[in-house]
Chemist: 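Quick one: the structure is below, questions incoming.
In listed order, ligands and their atoms are each counted from 1. Excluded from the calculations below are hydrogen atoms, water molecules and symmetry mates; all remaining heavy atoms, backbone and side chain alike, are included.
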Amino acid sequence: MSSSIFTGSCLCSTIRYTIRGEPTIAVMCHCSNCKKTSGSAFQANLLFKHEQLTFLSGELKLTDCLDTTTASGSTRTRSFCSVCGSNVLATNESSPYVRGYVIIMTGCLDGDFTFEPSVEYFCKDRCV
Ligand SMILES: [Zn+2]
Ligand SMILES: [Zn+2]
């Protein structure tokens, strides 16, 4: 078991959390909905088991947006800070691949880290 501990927050720090241990997988997603919600050219996602995540503050300030128009056809819950609008995390219990995982937006992690994607999704839609 790894002893790694990540901390993260939204832009305004209303939402703060820690994550214990390493991600199961690092995903770069080029689908149009990930681009929309990130406001960027792709989304960098780290998947952790739910039990690895502990909120320090602000969990009740998350606003959930049900994404029912995913390219995969499943319903993804995308959660934003209701104060600053940061795209903080997502879950997708309707997908057998990510059920039980929390999908952390890599850009919300604090400090120095290197994002090394182990898989890229929807490369046909990539713009970088
Ligand atoms: Zn915030
Ligand atoms: Zn995507």
Side-chain angles (χ1 to χ4, degrees):
M1 187 72 185
S2 170
S3 60
S4 297
I5 296 180
F6 298 96
T7 64
S9 74
C10 62
L11 179 63
C12 74
S13 294
T14 295
I15 295 158
R16 295 186 302 118
Y17 58 78
T18 62
I19 301 169
R20 190 174 296 275
E22 297 295 324
T24 300
I25 193 169
V27 177
M28 187 180 282
C29 189
H30 302 277
C31 83
S32 61
N33 287 16
C34 281
K35 284 190 273 201
K36 293 274 188 191
T37 55
S38 66
S40 190
F42 61 88
Q43 198 168 88
N45 296 330
L46 296 171
L47 271 68
F48 296 91
K49 289 293 213 179
H50 278 295
E51 55 267 28
Q52 291 178 267
L53 173 68
T54 304
F55 282 100
L56 301 175
S57 68
E59 185 176 3
L60 295 178
K61 291 289 190 180
L62 283 172
T63 294
D64 293 339
C65 174
L66 280 186
D67 179 358
T68 59
T69 63
T70 59
S72 65
S74 58
T75 298
R76 177 165 294 207
T77 303
R78 300 182 185 270
S79 301
F80 302 83
C81 173
S82 60
V83 178
C84 71
S86 288
N87 184 16
V88 177
L89 60 87
T91 55
N92 193 338
E93 296 302 313
S94 68
S95 165
Y97 304 108
V98 292
R99 183 177 299 139
Y101 287 91
V102 59
I103 303 161
I104 292 290
M105 303 301 125
T106 306
C108 287
L109 294 181
D110 298 326
D112 294 330
F113 59 87
T114 302
F115 180 76
E116 296 178 10
S118 36
V119 64
E120 291 188 60
Y121 291 145
F122 299 100
C123 291
K124 67 180 175 49
D125 298 323
R126 67 183 302 151
C127 60
V128 290

Chemist: Check for me: within less than 2.8 Å of the Zn ion (ligand 2), which protein N/O/S atoms show up?
Modeler: Cys29 SG, Cys31 SG, Cys34 SG

Chemist: Take the Zn ion (ligand 1) as the vertex and measure to SG of Cys12 and SG of Cys81; round to 10°.
Modeler: 110°

Chemist: Distance to the ring centre below 6.0 angstrom and angle to the axis at most 45 degrees; does that hold for Lys49 and Tyr101?
Modeler: yes

Chemist: Side-chain donor-acceptor pairs under 3.5 Å in residues 54-65, sequence neighbours left out?
Modeler:
{"residue": "Ser57", "atom": "OG", "partner": "Thr14", "partner atom": "O", "Å": "2.9"}
{"residue": "Asp64", "atom": "OD1", "partner": "Ser79", "partner atom": "OG", "Å": "2.6"}

Chemist: Counting only pairs under 3.5 Å, give me each side-chain donor-acceptor contact of residues 121-128, with atom names and distances, residues two or more places apart or in other chains.
Modeler:
{"residue": "Arg126", "atom": "NE", "partner": "Val128", "partner atom": "O", "Å": "2.8"}
{"residue": "Arg126", "atom": "NH1", "partner": "Glu120", "partner atom": "OE1", "Å": "2.9"}
{"residue": "Arg126", "atom": "NH2", "partner": "Val128", "partner atom": "O", "Å": "3.1"}

Chemist: Among Lys36, Arg76, Arg78, whose side chain to side chain donor-acceptor pair (under 3.5 Å) with Asp67 holds?
Modeler: Arg78

Chemist: Less than 3.5 Å apart, which donor and acceptor atoms pair up between the side chains of residues 110-118 and the rest of the protein, not counting sequence neighbours?
Modeler:
{"residue": "Asp110", "atom": "OD2", "partner": "Thr7", "partner atom": "OG1", "Å": "2.8"}
{"residue": "Ser118", "atom": "OG", "partner": "Ala26", "partner atom": "N", "Å": "3.2"}
{"residue": "Ser118", "atom": "OG", "partner": "Ala26", "partner atom": "O", "Å": "3.1"}

Chemist: Give, rounded to 10 degrees, the angle between SG (Cys84) and SG (Cys10) as seen from the Zn ion (ligand 1).
Modeler: 110°

Chemist: Say whether, by atom type as modelled, one donor and one acceptor occur between the side chain of Ser94 and the main chain of Thr75 under 3.5 angstrom.
Modeler: yes

Chemist: Please assess Gln52 against Val102 for the test side chain to side chain contact (heavy atoms under 4.5 Å, CB included), listing each intermediate value before the final yes or no.
Modeler: CA-CA 9 Å; Gln52 291 178 267; Val102 59; over 6 Å; no

